[in-house]
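Please read the structure below before turning to the comments.
Just so it is clear, the values below take in all heavy atoms, side chains as well, and ignore hydrogens, waters and symmetry mates. Just so it is clear: chains get the letters A, B, ... in the order the sequence lines come, proteins before strands, and each one is counted from 1.
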Protein chains: 2
Amino acid sequence: MEKNRQASIDLSHHLSGVAKARTSSPLKDLQKYFGKEGIIRLAGGLPSPEYFPFASITADALVPDAYSWTPDNRSPLAWIWNLFSATREKTTQVSIPKYPNKPEDLNLATALQYSLASGIPQLQEIVKTFTTQVYKPAYTDFKTFVHTGNTDGWFKTVGTLCNPGECVLASEWTYPSALAEMRPYGVRPVPVPMDGQGMRADALHKLLSEWDADARKMPSQATRHVHDPSWSDWCDNARCEEEIYDICVIFGGCATHLARAFSQRFEDVIFVEDDPYYFLQLGPYMARAERSPASVNGNDNEEYYLSQLVPSYLRFDYEGRVIRLDTFSKTIAPGCRLGWFTCNPVFAEKLERQAETSTQAPCGFGQALITTVLLNWQSAGYIRWLKGLKVQYKHRRDFFIDCLAEQFHLETEPAIHGMYEGCDVYHASQRSRVDKSGYLAEKSHPVVLFSFVPPASGMFVWLKINFDNHPALSTLGLEELENKLWVALAEAGVLFGPGNMFSATPVSEKEEGFGHFRVSFSNAKLEDLKRAVSIIAQVLKAFHQLD
Amino acid sequence: MEKNRQASIDLSHHLSGVAKARTSSPLKDLQKYFGKEGIIRLAGGLPSPEYFPFASITADALVPDAYSWTPDNRSPLAWIWNLFSATREKTTQVSIPKYPNKPEDLNLATALQYSLASGIPQLQEIVKTFTTQVYKPAYTDFKTFVHTGNTDGWFKTVGTLCNPGECVLASEWTYPSALAEMRPYGVRPVPVPMDGQGMRADALHKLLSEWDADARKMPSQATRHVHDPSWSDWCDNARCEEEIYDICVIFGGCATHLARAFSQRFEDVIFVEDDPYYFLQLGPYMARAERSPASVNGNDNEEYYLSQLVPSYLRFDYEGRVIRLDTFSKTIAPGCRLGWFTCNPVFAEKLERQAETSTQAPCGFGQALITTVLLNWQSAGYIRWLKGLKVQYKHRRDFFIDCLAEQFHLETEPAIHGMYEGCDVYHASQRSRVDKSGYLAEKSHPVVLFSFVPPASGMFVWLKINFDNHPALSTLGLEELENKLWVALAEAGVLFGPGNMFSATPVSEKEEGFGHFRVSFSNAKLEDLKRAVSIIAQVLKAFHQLD
C-alpha cells in the first residue's frame, strides 16, 4: 500500500478523444472575476432569487439512531416484530430559508441558483471529509465532486475514458444498466471470470497477458469493478483487491518494464469502482438456531466499525487509476439522484467539464435537503445511520434465507470451482413434509432445484436454478427455460430480476444447465417475502413436474 | 398550419446510430408485470421507503399573484420602489408526507424511490396539460416527458439525432453551452445568418439548396432554433417561423418531390426549439417619457395572454419534426434542474431510453416540491405567476435601458441590413454634460461607442461595440480588443458575457470592426445596474481615449 505512493498524479494521456476535445467551459474562464468582491455580475442568465417561489423549506428528518444498532435481547425473534416499529416517530426538524442569517449558511437563494457542477460548498466539504475518513485514499490530492447518481456517473466515466471500439473489462455477471449505457457508443464489455470474491485475479492476468490488440481493434482502457455485492462479496473474507490492482499496474503501462512491453497492445487499465452497496456489508449468514444477540457487538465505535469494512480500491490506489462512484441512493433515497466521484485531478477536471455541458449541478432542492440533514446529523450521526441501516438489511437477508430454509431442504457444500469458489454453497431441494395425520406427505426428493450463496452484502440473493434434470431442457434450451420460469413466477405473483440481463456476454456462452435470477429482499414487507418463498416452492415444484 | 396535419408521425429513420443501438431497457420489459396488482416485487434494487430519512417536507411557497400584473397608478416611477417590496411575505404552505392519505396523493415514499425516467405521474399530467393549452401542437399524439434541464435536454437530443461528423444548423450567434456540448462528439455547427427576428428564412433556403454533402461529409440532421431572445425576438412582430418550417419541410426529405431530389444530399432537418425565455416576452421598449401605466392591460385574461405570445414551432409542426425543450429554470429556479421534452413518439421513446441509462429520473425532491406547488397554484395560478414574472423582467429591462439613456446620447435608426434588419437600432455616443457651473464640461462626441436593440424578450441586452475608430484596431485586432475591453470592465467592477463565446464560428470570420457583449439585467440590484452603467461609460471613455 505504501509502494511508490505519490502526492500528485497525471493520467491525462488516458483520456478519450471526446474528453480531450472538452475544453474549459466559458464559465470557468469567468471564475477569476466571479469571486471578486463587490463586482457587479451581468454576465450570466441568472434569474433574481426574489423570483424563486420558495421562501423556505422545512423537513422532518429521522434521527441518526432511528434504527437500532444494538441487538434486541428480549428473544431471538424479537427483532422481527421490532423491525419496522422501531422509532419512526423520532424526527428532528431542519429548515432552509431563502435568505440566510449568516452568508455562509445554507440557503435557497444560492442552492436554487445556477451553480458549479461540483456542488454547493457545504456538500463538497462533507463529501471530501467523509471520503478521507472512510476510504483513506492512498494519495493526497484526490478530488471529490458530486454527480447525479452512479448511473450517470458511469455514463460520464465511459464518455471520458473510452472511444468507440474500446473495451471495458467487466465481471462476467454485472449490472445491466452499465452494459446498456456503453453499447450504443460502441464500447464493448469483455467478461472476466469470477469466483466467490468477484473478478478473479488469475483470470484477469491471463486475459491481459494474452490481449490481442488486433482482434480487439482498440486498446482496453477502463476496468469496471462492479461492486455489486451479489457478486463480489459472497464471502466475507478479505478480497483480492490489492492483487487485482497490482496486475493492472503491471499491464497498465505506467511504471514498470513489463508495462512498457505491453504498452503497444493496450493503452492502460483504469478502475471504475461503482459501489452503491458499500455500507450494506452484512456479514456472514448464520442459520436461525445458531444466531445469538451476542453476535452483534453493539459497542463498536465509529473507527472500529469503519475498520471492519472491506476497503475501497482507493486505499491501494498509489497511481491514481481509480475512479470511485458513491451514491446516496441506497443510504438516503434513490430519488436523491446525488452521489460523488473520487478520482485524480486530471480525470476530475474533464468529468466536471462534461457535467457543465450536460446535467450541470445536481438538483438544488436535493443538494440542499441532503446537506442540511447531514449537517444536522454530523459525521458521527451519518455513520450511526449507516450502521442502523446495515442491521436492518441484515435482518431482512436473514429473514429471507430463513424462509427458504423453511420451504426447502438446504444442504451446504464448499465450492471448489466456478463462480462460487471459496464459498459455502447452499443447495435447495424439495423438503419432505409430515402432514397432520403423521404420514409422510411427500417423499424427500434428491434433485437440487437451485443453489445460492447467502450474500455478505447488499440487497440481493442470486439464485442459480438447476435445469439439468428438466424434461424440456433439450427441446427448449436454457434461455427459453429461464424465461418460461420467470413468466410462471410472475403469473403466480412474484417478480424476479431475470438473470440474463446481468450477463456481460450472451447467456448461450455460459455454463450449461443453469438459469439465474436476482432476488431482492430490500423492499417487500416481511409477510410478502414469506409468501413469495412459498409461491417459489409451488412454482418450482410444478415447473419441474415433481409430483 | 392545417396542411397535411396528421395524428401519427414516424421519423425513426432520422435517429442516429447511437439512438438506434439503444434498445428497450430491461426495466421496460418488466413493466407489464410491474403494474399487476398484488404482485410481490423482488426484481429491483429498491430500498424500503422506511429507510428514507425524510418523514415529511414542507415548503413556504409564494402565492401566484406575489408579483403585480396590473400597473401601479400612483406615479410613473412608483414601480421602481415597489419592485422588490411587493409581497414577499405572501406565502402558502404546502406539505409532502412520506406516506399519503390516499394512494394517488403525492408522497415521498414514491417520489424518493427509483422511478420511470419520464417523471412522477402528477408532474407528467401537469406538463402535458400545460403544453396542450399553451403551445397547441399541430398533431395529437405528441409526447411530453421530463428531463433534467435544457442543457441536458440538448445534450440528449444531439446524442439521439446526430452521428459524429454531422452538422447542426445554428443562428450565427447562439448559446455557448450548446456549442460546447456537441463539439467533443464531432458534431459541427453551421451558422445561418440572422436578422432582427433571428435565423433568416432566405439564408436558410440558400444554405440548404447549395448544401454540398461531399464537402460537409455527412448529412445535416438537426436544426437548433436557439430561441435566445437576445437574438430571435429583438422585434416584437410575428416571426418568420412558419416560413422557416416550410423550408425545412421542402428540404427535409419527407413529403414532396423536391425533397426526394434532395434526399441524397442530407438526411433530414429536425428542429430543436430550446426555449427557456418563452414566458419572458416583454414587449417593445418605450422611452421613459412615453411610458404610461395604461400601456399594461391588467385585465388580460388567461387565454388572451396566451394568444399574445409568439407561437412555438410546435404550432406549425404538422410533420413531427420539432423537439421542444422547456425548463423551469427561468420560471421557478435554475436549481430545479427540471424541464420537459415535447416531440413525436418515436424520438420520445429513444430519448427516454437515453435518460434511463444516464440521468434516470430527475431528482425526486425537486420533482415533488415543484409538483406540489404547481398543484397548489393550479394551471391558472402558474400562468398568473408567469405574467407577474414577465412584468418584473420588463421593469428591469426598462430600468437598465433608462440608465443607458441617462449616461449616453442615444439615437435610433431603422436597420436595413445585417443582424438588426427590421428593428430600430439604438446608437450610443458620449453625452454632452453641463457641469454645476453651467459650462459644457465635455463636448458631445459624434463617435458611436456601441449599438443595441432593446430586447423584446428575455434577460439580456446585446451590445455591439464599435471598435472602428479605436486607435489600436489595426495593431491588436478585433478579438484582442474585445478581450481587453472585457478585462478593463471586469477590473473596474462590471462583469459582461464575452461575445465571442456566443459565436457559432470563429469571431475572426465575423463582420469587421465590432466587438460584442451580452449584458444581463436579470439579477443585479437596481442600484448596482445603475452603477454598472456609469462604470461602463467611464471605461468606454478611457478605452477609446476620448478625453
Side-chain angles (χ1 to χ4, degrees), chain A residues 18 21-22 26 33 39-43 45-48 50 52-62 84 91 111-114 148 151-152 155 176-177 180-181 184 330 333-335 337 357-360 363-366 369 459 490 493-497 501 519-520 522-524 528 532, chain B residues 18 21-22 26 33 39-43 45-48 50 52-62 84 91 111-114 148 151-152 155 176-177 180-181 184 330 333-335 337 357-360 363-366 369 459 490 493-497 501 519-520 522-524 528 532:
Chain A
V18 169
R22 265 182 216 125
Y33 290 102
I39 205 164
I40 306 171
R41 292 165 187 82
L42 309 182
L46 278 62
S48 170
E50 297 279 340
F52 301 166
F54 291 88
S56 72
I57 296 176
T58 301
D60 280 324
L62 269 62
F84 298 132
T91 59
L112 298 186
Q113 189 54 279
Y114 286 111
T148 60
T151 304
D152 200 48
F155 180 79
S177 177
E181 283 175 55
K330 312 294 183 184
R337 296 291 82 218
T357 52
S358 55
T359 51
Q360 301 196 1
C363 172
F365 292 102
L369 280 161
M459 300 180 165
V494 180
L495 211 59
F496 279 4
M501 278 169 35
V519 185
S520 163
S522 61
N523 187 29
D528 283 341
Chain B
V18 170
R22 267 182 215 124
Y33 290 102
I39 204 163
I40 305 171
R41 292 165 187 82
L42 309 181
L46 278 63
S48 170
E50 297 278 339
F52 302 166
F54 291 88
S56 72
I57 297 177
T58 301
D60 280 324
L62 268 62
F84 297 133
T91 59
L112 299 185
Q113 188 54 278
Y114 287 111
T148 61
T151 303
D152 200 48
F155 180 78
S177 178
E181 283 176 55
K330 313 294 182 184
R337 298 289 85 218
T357 52
S358 56
T359 51
Q360 299 195 1
C363 172
F365 292 104
L369 280 161
M459 299 180 166
V494 179
L495 211 58
F496 279 3
M501 278 170 32
V519 185
S520 163
S522 61
N523 188 29
D528 283 341

Does any backbone or side-chain atom of B:Ala111 lie under 4.5 Å from a heavy atom of chain A? Answer side chain, backbone, both or neither. backbone

pair B:Arg41-A:Phe496: side-chain heavy atoms closer than 4.5 Å: no

To the nearest 0.5 Å, atom CG of A:Asn523 lies from atom CD of B:Gln113 at 5.5 Å

Main-chain N/O of A:Ala43 paired to B:Ser520 side chain as donor or acceptor, under 3.5 Å: no

Checking the side chain of B:Thr151 only, and the main-chain atoms of A:Thr357 only, is there a donor and an acceptor separated by less than 3.5 Å? no

With chain B as the partner, which of A:Ser358, A:Ala59, A:Ala333 has the greatest number of non-hydrogen pairs under 4.5 Å? A:Ser358

Report the option among B:Gly335, B:Pro334, B:Gly364 that has the most heavy-atom pairs separated by less than 4.5 Å from atoms of chain A. B:Pro334

With side chain to side chain contact (heavy atoms under 4.5 Å, CB included) as the test, pick out the partner of A:Phe54 among B:Asp60, B:Leu369, B:Thr91. B:Leu369

Between B:Ile57 and A:Ile57, the two heavy atoms sitting closest are CG2-CG2, 3.8 Å

Distance col, row B:Lys330:NZ vs A:Leu46:CG, nearest 0.5 angstrom, shows 7.0 Å

Closest non-hydrogen atoms of A:Gly45 and B:Ser522, given as atom of the first, atom of the second and distance, are C-OG, 4.3 Å

At what distance, to the nearest 0.5 angstrom, does CD1 of A:Ile40 lie from CG of B:Leu495? 10.5 Å

